[in-house]
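Structure record follows, encoded as structure tokens.
Whatever order the structure lists ligands and atoms in, that order sets their numbers, starting from 1. Excluded from the calculations below are hydrogen atoms, water molecules and symmetry mates; all remaining heavy atoms, backbone and side chain alike, are included.
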Amino acid sequence: MNDLLTHIAACVGGAFEGTDTTVVRVTTDSRRANLPEGTLFVAIRGTNRDGHDYIEPLYRKGVRAFIVDGAVDVRRYPEAGFVRCDDSVAALQRLAACFRDRIRGKVVAITGSNGKTVTKEWIAQLCPPGVKLFRSPKSYNSQIGVPLSLLMTAGDEQIAVIEAGISRKGEMQSLERIVRPDIGIITNIGDAHQENFDTPEEKAEEKLNLFAHTPTIIYNAGDPLLRRLVPARYPDRQLIAVDASRCDLNGLPYPDAASRENAAEALTLYGVMGYDMSQVRGGLRSLQNVAMRLELKDGINGCKIVNDSYNSDINSLGIALEYLSSVAGHREKTLILSDIDQSGLKPDRLYAGVAELLKANGVTELIGIGEEIFKHAGAFDCRKEFYLTTENFLRGVNRSRFSKKSILLKGGRRFQFERIGRILEDKIHTTVLEVNLDHMIHNLNYFRSLLREGEQVMAMVKASGYGNGTFEVANMLEQQGVGFLAVAFADEGVALREAGITMPIVVLNADSDSFDLMLDYRLEPEIYSRSSLQSFAETVRRNGETDYPIHIKLDTGMHRLGFERQDIDPLIDALKTIPELYIRTIFTHLAGSDEARHDDFTRGQIALFRELSDRLVAAFPQRHILRHVDNSAGIERFPEAQFDMVRLGIGLYGISVAHQEHLLPVSALKSRIVQIKEVPVGDTVGYGRHGIVAEHPVRTATVPIGYADGLNRRLSCGKWSFIVNGRKAPIIGNICMDTCMIDITGIDAHEGDTVTVFGEGAPVGEMADVLGTIPYEIMTGISTRVKRIYTKE
Ligand SMILES: *Cc1c(COP(=O)(O)O)cnc(C)c1O
């Protein structure tokens with residue numbers, strides 16, 4: 001885009017104030033304003049953040065254009081222009097609607113419960129050469145993502161494909177007003193986001209609102225609901241029912257039903273638009289699997305590797321670079337990038353745009369692979385080197401040069417960047433713990449929805465984030481605006497600081513030997529006894545510190561650590577003699593908040609806490625002391641004990657005693673089949689010959705995970721089953737140290753297939769029940785040799 005802010009104000013119906021300026025791009029995320037000049041920042045009030053809080057830092061960075069819906073003292077920003085409106089999201093949507101009118105080609109809107117992203121990507125991949133196509137990036141399908149997508153179009157596209165998603169009633173109507181599709185595609189109606197709808201029909205009807213004025217609608221006739229609802233609702237339109245089973249999909253490399261439906265819908269679109277189908281169909285053979293996720297892995301020599309196997313195009317490069325920046329910490333940023341194949345842009349423009357993105361994101365080193373990028377080497381002014389092929393790069397590579405870097409791998413499929421990934425990744429053990437950070441954010445937001453306005457969260461990341469890894473989790477929590485982190489020991493806190501985490505960190509089991517270290521790293525101790533108080537006070541004085549925060553732990557019945565009733569007066573007296581320290585928070589821990597049979601006891605703990613903490617708070621009236629009691633189960637079961645803050649632990653990681661249905665699973669332990677055997681009747685499997693093959697021959701799969709990885713040996717001999725291609729495969733015989741065998745008789749499985757030890761279809765809570773323990777023990781027992789992989793959409 002290239003518009004004056006005054007013009008934008010007229011377009012959205014807002015009042016203009018300040019200095020006019022030219023806008024070339026729009027963002028709603030303060031962290032994405034990397035190129036301040038020409039950026040319009042739309043300040044949006046979210047549940048956790050208020051965009052208006054970022055106006056001042058953005059102004060300092062050089063941003064000069066804002067849309068706001070709250071009070072801003074514009075005189076403080078003399079060089080900036082402001083558009084004042086009633087509702088920033090609505091203004092953004094109106095701006096996008098104006099922009100929509102500039103698109104000269106066809107606007108295609110895709111919705112549905114599953115498969116819309118794959119369909120969108122495949123439409124892009126099947127696009128005939130010479131046709132300019134735009135598609136909305138990755139997960140930009142929301143009330144904010146859709147308008148931002150439209151604002152990324154240039155106007156001269158022949159096809160603009162926009163993905164639209166909803167989670168509640170009424171949302172589609174506003175998206176319809178922005179997108180006004182010429183052609184609509186609806187993939188199917190599944191169970192995703194069903195919670196805000198009474199029936200699947202209701203959800204389907206809401207989705208169909210997207211096509212209120214759409215002349216041509218393509219729908220999946222394999223979905224019974226759509227088969228009935230679409231013709232009934234829109235009898236007067238051009239309706240095209242797609243039946244994948246009757247469609248010629250010769251060459252499509254993916255045999256599964258969902259892929260066939262997605263490909264059939266993509267082909268149908270080109271048929272409807274009158275393209276030469278022999279050419280489009282030829283593209284089926286090379287359709288790429290759409291990896292939906294950015295993967296973050298530990299690399300060699302302390303590197304972090306972000307692997308983006310998503311298509312190589314410039315919008316997704318921007319998103320991946322932002323993600324790289326968000327996880328880089330102090331590390332230097334390296335980009336390994338192949339030729340960008342599908343852009344529709346002239347190569348000069350394309351690589352100039354790439355160079356701009358690298359600069360904006362602070363990438364210090366580029367490794368370019370491919371002929372095209374090589375030709376445009378001159379466009380880049382960072383440290384750079386180029387190779388014609390991936391092979392050439394691998395031949396000359398010296399692994400030791402990659403040390404303490406954050407590296408983004410972004411290559412088109414033909415460049416096979418997975419080969420580079422393999423040499424840069426840290427552990428080549430095939431067992432991984434997959435941690436879904438998006439699900440963790442969902443869980444965080446669920447618990448936040450139970451809190452009162454203004455209430456804070458202390459997130460528990462002790463024991464390496466309950467086994468899920470610390471830095472990545474902490475980094476996400478920091479970005480989500482969580483107030484405090486808590487770790488068990490000082491060295492966990494030190495590791496977080498060294499990785500670049502700056503938010504307050506509380507150390508729960510602060511040991512006096514580590515007090516000096518804690519001061520060096522600005523870690524805040526839990527103080528639970530007079531002796532810990534005195535010795536921390538001495539350390540603080542010795543280091544010449546003043547005004548250092550501490551957290552007072554009260555023992556109200558757990559009888560683990562903490563001050564009791566008779567300790568309160570002496571504690572107050574002692575604290576009055578130590579002006580170097582101040583109480584930042586006071587807290588206690590509930591011993592049985594998850595069990596109804598202890599509810600009277602719990603209420604007693606809460607009452608005692610109130611009494612004791614009132615005395616402490618009254619003794620230090622000049623300080624604003626925060627109080628906190630509830631852990632995860634407490635938040636759900638004892639809202640009266642929320643005080644000023646809560647301590648969220650296991651719930652964040654996907655486990656709830658009260659409302660498991662509101663949470664999403666966070667971690668999945670996965671491995672691979674390394675060998676398959678046919679074992680005849682009479683033979684046995686494994687140590688001690690416990691896996692007896694009695695009645696019929698058994699097909700076994702050997703999986704490289706054993707008790708040394710944290711797979712409890714008591715799960716041997718059928719006590720637990722892994723999931724293989726959607727089916728349960730019981731463990732056969734005894735679990736070994738590094739391997740185990742499962743029975744895959746009757747399951748279509750091959751060497752190399754993934755198996756889920758726990759995760760989808762095999763909840764960790766059930767495994768805990770089998771073992772007579774709690775999920776905490778299983779999650780924290782996964783060995784550190786199991787590689788953690790972080791996924792994010
Ligand atoms: C671990 C811990 C929590 C979190 O408990 P969850 O049951 O995991 O929510 C809260 N407070 C303290 C003091 C803890 O040690």
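Residue-to-ligand polar distances place R647 within reach of ligand 1: an N/O pair is separated by less than 3.5 Å. Geometrically, ligand 1 and G649 share a nitrogen or oxygen pair separated by less than 3.5 Å. Where the criterion is an N or O separation shorter than 3.5 Å, residue side chain and backbone included, L648 fails it with respect to ligand 1.
Considering only non-hydrogen protein atoms, atom 5 (O) of ligand 1 sits nearest to N631 CB, 3.5 Å. Y776 OH, 2.7 Å is the protein heavy atom nearest to atom 7 (O) of ligand 1. Among all non-hydrogen protein atoms, the one lying nearest atom 9 (O) of ligand 1 is S632 OG, 2.5 Å. The protein non-hydrogen atom at the shortest distance from atom 8 (O) of ligand 1 is Y466 OH, 2.6 Å.
The M460 neighbourhood of ligand 1 comprises atoms 2 (C), 3 (C), 4 (C), 10 (C), 11 (N), 12 (C), 14 (C), with distances under 4.0 Å to a heavy atom of that residue. Those atoms of ligand 1 with a heavy atom of I650 less than 4.0 angstrom away are 6 (P), 7 (O), 8 (O), 9 (O).
R45 meets the side chain to side chain donor-acceptor pair (under 3.5 Å) test with D50, D69; sequence neighbours excluded.
Taking 4.0 Å as the cut-off between side-chain N and carboxylate O, D198 and K203 do not count as a salt-bridged pair. Using a cut-off of 4.0 Å between Lys/Arg side-chain N and Asp/Glu carboxylate O, R637 and D630 are scored as not salt-bridged.
Ring centroid separation for the pair H628 and F643 does not come in under the 6.0 Å cut-off.
Of the heavy atoms in H628, none comes closer than 4.0 Å to ligand 1.
Ring geometry for Y653 versus Y466: interplanar angle under 30°, hence parallel rather than tilted (30 to 60°).
Looking at K462, E526, H589 and measuring to atom 15 (O) of ligand 1, the nearest heavy atom belongs to K462.
Under 3.5 Å, the side chains of Q660 and S656 contain no donor-acceptor pair of N or O atoms.
Both tests do not hold together for K670 against F722: distance to the six-membered ring centre under 6.0 Å, angle to the ring axis within 45°.
Between R627 and D614 the shortest heavy-atom distance is NH1-OD1, 2.8 Å.
Atom NE2 of H551 is separated from atom CD1 of I586 by 11.5 Å, given to the nearest 0.5 angstrom.
Heavy atoms of Y653 stay at 4.0 angstrom or farther from ligand 1. Residue-ligand proximity: R560 is placed with a non-hydrogen atom under 4.0 Å from ligand 1.
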